[in-house]
Amino acid sequence: MQIQINEDKKELKQHGDYTFPVNLSGEMLSRYEGGAFFWHWHTEIELTLVLKGQIEYRVNERTYHLKAGDGLFCNSNAMHAGMRIDNQDCQYFSTTFHPRFLYGFENSILQTKYVDPVLNAPAFSSAVFLSSEEWTSEILSLLREIYALYLQPAPDQELRLHILISEIWRHLYGHFTSCSFEEPSSSDSIGRLKEILSFIHTSYAKQITLEEIADHVHLSKSECCRFFKRHMNMTVFDYLLYYRIQQSLPLLQEGLCTISKAAESCGFSNACYYGKLFKRYMNCTPRQYQARFRPDRHPSRETFPQTD
């Protein structure tokens with residue numbers, strides 16, 4: 001699977017509903033094709049607790065190396081992505097909720113005093129939770145309580161979640177008001193990154209050049225390369241190839257076209273080159289990947305593992 005996004009990189013998945021805008025989700029990186037989830041954003045706030053393994057988690061301009069026991073706060077509307085470290089899997093738990101879950105009524109004092117200042121602070125797009133730090137150890141404990149409720153729901157589930165999430169926010173707000181945060185290097189950086197990604201995501205199926213990408217965001221080719229590498233930790237060309245491979249996966253799964261046609265449909269003019277890149281990114285050949293989805297194969301359904 002892969003995260004479903006629109007042209008603006010906004011995730012299309014609904015996180016809860018209007019009556020209870022909270023979503024609890026057990027996740028594993030191996031469930032995403034390529035062992036990574038793409039850059040995306042949503043209006044909801046997301047809290048992550050790493051249960052097993054490690055993950056490289058990126059939020060706007062920051063990169064975090066999280067291991068089992070660590071956690072992360074990702075603010076509303078922040079761009080974020082996650083990927084494997086050393087090709088190892090990661091099991092993690094996400095608590096995603098709309099800000100109104102905290103404040104209830106529009107323009108209430110809870111919103112204007114305790115929520116909006118955090119949401120509207122570009123320098124506070126994220127925060128890491130480490131058990132070694134006093135202010136975050138309590139948050140991690142609360143996240144573990146939420147995870148326990150996820151595993152074994154209680155009759156008063158919704159009320160408990162509201163109390164736990166509000167308590168986490170109290171700690172976050174206290175940290176926010178007691179610290180000074182360094183402003184991002186450029187307020188336009190994330191918007192520019194979104195534009196580059198959007199251009200690639202809408203044009204990947206045809207032959208596009210670095211010059212076209214750079215012109216789209218009004219940068220020189222060299223500056224476009226430096227900018228993208230700084231924010232994505234990979235070159236523009238590497239990301240384009242990776243994205244093309246990812247877009248070819250549904251075509252192979254459906255079995256409605258040949259491998260050569262799947263390669264051509266995703267911007268590859270040479271099927272051999274496509275196969276070579278596919279092996280690099282997916283650790284198998286296109287034919288081996290396609291064989292996994294033959295009708296005569298009935299793999300057992302993977303379930304989210306319990307903690308030890």
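Heavy atoms only: backbone and side chains are in, while hydrogens, waters and symmetry mates are out. The residues of the chain are indexed from 1 along the displayed sequence.
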So, S25 and N23: side-chain donor and acceptor under 3.5 Å apart, yes or no?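 The answer is no; no qualifying pair exists.
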
Is there a donor-acceptor contact under 3.5 Å from the side chain of [X] to the main chain of [Y]?
X	Y	answer
D70	K67	yes
T202	S198	yes
E212	T209	yes
W169	Y114	yes
Q157	A154	yes
Q253	Q290	no
H42	H40	no

Euclidean distance, [Y] [atom2] relative to [X] [atom1], rounded to 0.5 Å:
X	Y	atom1	atom2	value
Y204	S248	OH	OG	9.0 Å
W39	H80	CH2	NE2	9.5 Å
D156	H162	CG	NE2	14.0 Å
Y92	Y57	OH	OH	7.0 Å
W135	L172	CH2	CG	5.0 Å

Dump the intermediate steps for side-chain hydrogen bond (donor to acceptor under 3.5 Å, both in side chains) on E44 and T96, then the final yes or no. CA-CA 6 Å; E44 292 81 9; T96 312; over 6 Å; no

Start with the C-alpha gap between L24 and L161, add the side-chain angles, then the distance that decides, and say whether side chain to side chain contact (heavy atoms under 4.5 Å, CB included) holds. CA-CA 10 Å; L24 306 181; L161 285 174; 4.0 Å; yes

Can you give me the closest heavy-atom contact between V128 and L72, atom names plus distance?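 Closest pair (atom of V128, atom of L72, distance): CA-CD1, 3.9 Å.
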
Nearest heavy-atom pair of A205 and S265: which atoms, and what distance?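 For A205 versus S265, the nearest heavy atoms are CB-O, 3.4 Å.
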
Among the clusters formed by ILVMFWY side chains lying less than 4.5 Å apart, do Y103 and F20 turn up in the same one?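 Hydrophobic grouping puts Y103 with F20.
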
Evaluation steps, side chain to side chain contact (heavy atoms under 4.5 Å, CB included), between F73 and I45: CA-CA 8 Å; F73 158 71; I45 296 156; 3.5 Å; yes

Could you check whether R170 pairs with E167 (Lys NZ or Arg NE/NH1/NH2 to Asp/Glu carboxylate O, under 4.0 Å)?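 Yes, R170 and E167 are salt-bridged.
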
For R287, salt bridge (Lys or Arg N to Asp or Glu O under 4.0 Å) partners two or more places apart: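 None.
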
